[in-house]
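A short write-up of the structure that comes next.
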Amino acid sequence: MRLVPATDGIPAGDLLEGLNDRQRDAVSSTEGPVLIIAGAGSGKTRVLTYRIAYLLRKGVHPSHILALTFTNKAAQEMKERISHLVGGPAARSMWAGTFHSIFARILRAHADRLGYTNAFTIYDSDDQLAAIKACMVQLGINQQVLAPSAVRSRISNAKNSMQSWQEFSRTAGTITDKQAGQIYQDYEKRLSQSNAMDFDDLLLNMIRLLEHHPDVLEHYHDRFRYLMVDEYQDTNRAQYRVVSLLAKKYRNVCVVGDDAQSIYGWRGAEIRNILDFERDYPEAKVVRLEQNYRSTKVILAAADSVIRNNRDQLKKTLWTDNAEGEKITVLGCRDDREEADLIVKTVTSRIASSGYSLKDVAILYRTNAQSQAIEEALRRSNTPYHIVSGVSFYKRKEVKDTLAYLRLIVNPADTESILRVINEPARGIGQTSLRALQEYAQKADVPLFSVLTNIEAVPGIQARTKTAVTNFVTLITNHQFLAQELSPASLAQSYIEATGLMQFYKLQDNDESLDRWNNIERVISHIAEQQELDETLTLAGYLEQISLMSEQDDPKLGTNRIAMMTMHAAKGLEFPLVVIAGMEQGLFPLGKTEVDPKQEEEERRLFYVGITRAREQLVLTYAQQRYRFGEISFSQPSRFLSELDKSCLTVSARPLTTTAAPPARQGYTTAPRPAAPTARLAGSPGQRSAPGTLPRAPRASDYMQTEPTETYSQMPTDDAILWRTGMRVRHPMFGVGSIVALSGVGSQAKATVHFANGQRKQLMLAFARLEVVS
DNA sequence: AGAGCGTCGCTTTTT
DNA sequence: GCGACGCTCT
């Protein structure tokens with residue numbers, strides 16, 4: 001629904017046309033604190049972007065606006081939409097990004113004030129865990145008794161609520177608490193010695209910076225005169241604190257959120273922040289956006305019937321002018337495999353009957369593990385799909401090793417990275433030596449790297465090991481030097497070659513090691529690509545981008561395939577047809593939520609988020625048994641199903657296995673299925689779900705041809721290009737060349753390319769980002 | 001020092 | 001069902 005022509009040069013007043021009264025109010029209330037309670041589908045993003053555009057049209061300089069979001073995707077979208085409204089240059093010079101990336105940028109500029117250098121490394125949760133384990137080893141704390149991951153979440157929780165290790169230890173009662181406090185203390189020391197910050201530190205250090213350096217605070221007060229915070233219900237105490245600090249002078253702070261969509265409590269988010277806004281800013285203007293433009297009446301009613309079961313909820317009434325819509329289908333299945341097949345069957349038949357195209361469909365689930373069974377079913381039926389998960393590539397061992405090597409160029413003090421790669425590939429620097437070196441570093445109170453550079457001074461290290469260490473140090477320092485003159489991509493290329501990592505995988509020459517080798521190539525190509533997009537890109541900048549990224553860049557956007565993702569990842573998105581799979585006790589709601597009503601409420605809000613992603617049709621499925629942790633487990637339908645308003649539902653308790661049943665999986669039998677226990681769900685168990693048709697305007701996608709002949713996964717198998725020898729191609733790194741030979745088939749297909757610069761390379765077509773040059 | 005084998009725990013969700 | 005980790009053997 002495009003309400004305002006997105007052209008440049010319209011006066012500010014025209015931005016308000018086509019908005020409803022409440023939206024207009026929210027957009028034009030630019031001065032002073034504003035709280036916008038934005039229900040699902042109420043045009044929140046539009047209001048936010050229009051509000052910024054409105055400010056700009058009023059003459060506010062873009063650099064005086066700061067917009068904080070929760071995900072990169074949201075920030076990206078906001079910038080794009082603003083540049084449509086007011087033009088690219090203005091949009092580019094305003095600051096919009098995630099809390100973490102904006103703060104990282106500010107902290108780099110003032111790192112010296114806090115005792116870091118501006119080359120500081122950002123530790124992800126795996127680095128955190130490695131550091132915590134190392135601390136525990138040094139403290140002699142048994143990891144069987146106290147799980148490192150438990151310590152990590154306790155430290156993170158403490159940091160999120162701005163509790164220092166001193167405070168943490170002071171309030172520690174039990175022995176475990178005291179141990180955790182000790183680990184917290186050592187961990188902090190370890191990170192600062194590594195010139196590293198974890199995610200939580202990006203927030204905490206921002207607070208320290210603003211609180212202890214009045215000149216810096218003053219500077220940012222005048223810099224950011226208008227603050228905007230999206231998804232305010234997901235902010236934690238530390239984020240809240242930064243926002244209050246920044247808003248203190250001008251008090252032009254506008255926060256947008258929906259308490260019903262708060263789903264990050266496990267990460268320290270405080271709904272309290274949104275509930276307390278009016279207390280913090282008594283003069284605040286409160287705007288409620290309650291008209292929903294997204295969903296049918298049925299879907300809204302269903303969502304409302306669920307969320308009503310939560311106690312802690314701001315009262316609001318969502319309504320819509322949209323059509324009544326179709327009832328929600330609930331499908332009971334025998335097991336996860338049948339569930340997957342049924343989802344595919346239902347989706348494909350609705351695509352045929354309702355004129356949807358593949359990209360109109362989303363399959364949502366609670367845990368990533370559930371995607372597997374559904375993926376298989378989609379692949380069997382040759383239905384193109386796309387998994388929004390993103391992180392997995394960067395979690396691979398070889399990718400992490402590569403990045404660790406690169407991080408050491410920028411910040412050699414990074415102990416976690418040293419330990420990760422110093423013997424990868426094996427260089428004869430074993431655990432015994434490493435332990436000695438670390439102990440020495442700790443006693444001398446210096447970073448591990450400086451011990452390595454001065455290895456001769458360390459007693460008790462074998463001569464052979466010393467040579468190996470010296471070579472390792474030289475490898476890094478040499479390339480650090482080279483970094484001055486080479487571009488990030490060329491540097492990475494020669495450096496990673498020199499580490500022996502690629503050679504190591506190449507020599508093994510099996511499918512798996514070749515895969516790993518290719519993944520390393522992909523990282524290097526990726527740097528080359530990014531460098532092409534941004535000529536000023538530095539290696540440090542690239543690494544920061546990677547460490548703060550989520551499922552951001554979405555190469556499959558706009559392609560016609562079914563989307564699969566967790567409900568968390570689906571927040572902020574919408575689809576005409578949504579399937580939510582795995583509606584079972586123990587899976588959704590996940591875990592043992594009976595014991596913790598607060599947790600159950602969060603799960604319920606997550607369900608609310610899932611339901612409200614749907615515009616027209618919603619399908620819910622559950623299975624009586626499914627594979628979990630490698631074995632079959634049995635479960636009851638989710639209690640959330642019974643909370644849904646019965647008048648919204650159509651239930652098919654017995655799945656319709658009209659076509660030949662899939663062959664039974666090994667390990668269990670396909671005995672005749674007993675009637676599903678769904679009598680309490682709705683009045684008509686066993687009724688066939690008949691998808692009716694919701695009248696709607698034809699859209700472009702209706703006429704698009706879909707050819708479900710290829711299988712896609714999240715790995716970059718590009719839409720089939722017919723490669724031929726003699727073809728002219730471009731590689732992001734090596735430039736233009738021509739294909740001189742082809743070998744292998746399918747995912748193993750390789751091309752030998754002769755590049756214009758004289759290089760000859762064999763490249764895996766599935767991975768190398770080759771473009772055809774015409 | 002490093003390879004090989006067995007055990008354990010694990011899956012929430014993300015910056 | 002898989003991967004990370006620890007123990008043992010060479």
Side-chain angles (χ1 to χ4, degrees), chain A residues 68-75 97-104 122-130 133 137 142-144 147-150 153 156 159-160 197-203 231 234-236 238-239 262-269 364-373 388-392 394-397 400 423-435 462 464-465 468 512 544-552 565-571 582 586-593 599 602-603 605-607 609-610 627-633 665-667:
Chain A
L68 295 168
T69 65
F70 216 66
T71 65
N72 292 298
K73 203 165 65 185
T98 63
F99 280 90
H100 291 84
S101 65
I102 297 279
F103 294 174
I122 298 167
Y123 276 3
D124 69 14
S125 43
D126 287 332
D127 300 320
Q128 276 184 57
L129 205 59
K133 282 179 184 168
V137 168
N142 187 339
Q143 303 189 11
Q144 311 285 355
S149 59
S153 74
S156 183
K159 288 188 170 187
N160 284 161
M197 298 186 195
D198 63 23
F199 288 138
D200 304 321
D201 287 332
L202 291 173
L203 309 178
E231 309 282 14
D234 287 333
T235 54
N236 60 35
Q239 286 162 324
S262 163
I263 54 176
Y264 287 105
W266 53 274
R267 225 174 78 177
L364 310 180
Y365 33 78
R366 181 63 181 82
T367 66
N368 278 311
Q370 287 167 260
S371 72
Q372 272 198 5
V388 180
S389 70
V391 280
S392 56
Y394 296 93
K395 283 220 160 118
R396 288 161 186 258
K397 183 186 181 311
K400 297 194 71 165
N423 207 30
E424 197 68 49
R427 301 189 168 86
I429 306 170
Q431 284 199 323
T432 325
S433 314
L434 276 178
R435 204 165 297 160
Q462 291 193 335
R464 210 199 304 175
T465 312
E512 194 205 327
E544 173 159 318
Q545 188 190 318
I546 292 297
S547 58
L548 294 177
M549 136 175 129
S550 56
E551 8 79 40
Q552 51 168 22
M565 68 195 92
T566 64
M567 276 170 278
H568 282 90
K571 189 156 115 171
L587 183 60
F588 192 31
L590 184 70
K592 18 183 189 339
T593 45
Q599 240 183 346
E602 177 148 318
E603 294 285 311
R605 289 191 295 268
L606 185 58
F607 187 33
V609 168
Y627 272 92
R628 274 187 98 184
F629 306 125
E631 54 187 21
I632 298 169
S633 68
R665 203 190 311 206
Q666 257 192 338

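As the structure is a computational prediction, the values presented were derived from the model and not from experiment. The chains referred to below are lettered A, B, ... by the order of the sequence lines, with proteins before strands, and numbering in each begins at 1.
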Name all residues meeting the side chain to side chain contact (heavy atoms under 4.5 Å, CB included) criterion together with [X]; count only those two or more places apart in sequence or in a different chain, and write none if there are none.
| X | result |
| --- | --- |
| A/E602 | A/W266, A/R605 |
| A/A147 | A/S149, A/A150 |
| A/R267 | A/F70, A/Y264 |
| A/A238 | A/M162, A/L203, A/I207, A/N236 |

Quick one: [X] [atom1] to [N] [atom2], roughly how many Å, whole number?
| X | N | atom1 | atom2 | value |
| --- | --- | --- | --- | --- |
| A/Q239 | B/dT14 | CD | P | 16 Å |
| A/L129 | B/dT14 | CG | P | 18 Å |
| A/E603 | B/dT13 | CD | C1' | 9 Å |

**Message:** List the residues meeting salt bridge (Lys or Arg N to Asp or Glu O under 4.0 Å) with A/D200, not counting sequence neighbours, and say none if there are none.
**Reply:**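 Here no residue qualifies.
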
**Asked** In which ranges does DNA chain B form stems of 3 or more consecutive Watson-Crick or G-U pairs, distances under 3.5 Å?
**Response**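 DNA chain B stems, ordered by first number: B:1-10 with C:1-10.
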
**Terminal contacting nucleotides, 5' and 3', DNA chain C versus chain A (heavy atom, 4.0 Å)** =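 On DNA chain C, the outermost contacted nucleotides are C/dG1 to C/dC5.
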
**Message:** Determine whether the aromatic ring of A/W266 stacks with the base of B/dT13, defined as ring centroids separated by less than 5.5 Å and ring planes inclined by less than 30°.
**Reply:**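 Stacked: ring centres under 5.5 Å, planes under 30°.
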
**Asked** Taking only residues two or more places apart in sequence, or in another chain, which ones meet A/S101 in a side chain to side chain donor-acceptor pair (under 3.5 Å)?
**Response**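 Only A/T98 meet the side chain to side chain donor-acceptor pair (under 3.5 Å) criterion with A/S101.
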
**Prompt:** Who passes side chain to side chain donor-acceptor pair (under 3.5 Å) against A/S433, sequence neighbours left out?
**Reply:**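 Side chain to side chain donor-acceptor pair (under 3.5 Å) list for A/S433, sorted by chain: empty.
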
**Prompt:** How would you label the contact of A/N423 with the nucleic acid (heavy atoms, under 4.0 Å): base, sugar-phosphate, or nothing?
**Reply:** sugar-phosphate

**Asked** Base, sugar-phosphate, or nothing: which does A/K133 touch, judged by heavy atoms less than 4.0 Å apart?
**Response** sugar-phosphate

**Request:** Compute whether any side-chain donor of one residue and acceptor of the other, for A/T367 and A/Q370, lie under 3.5 angstrom apart.
**Result:** yes

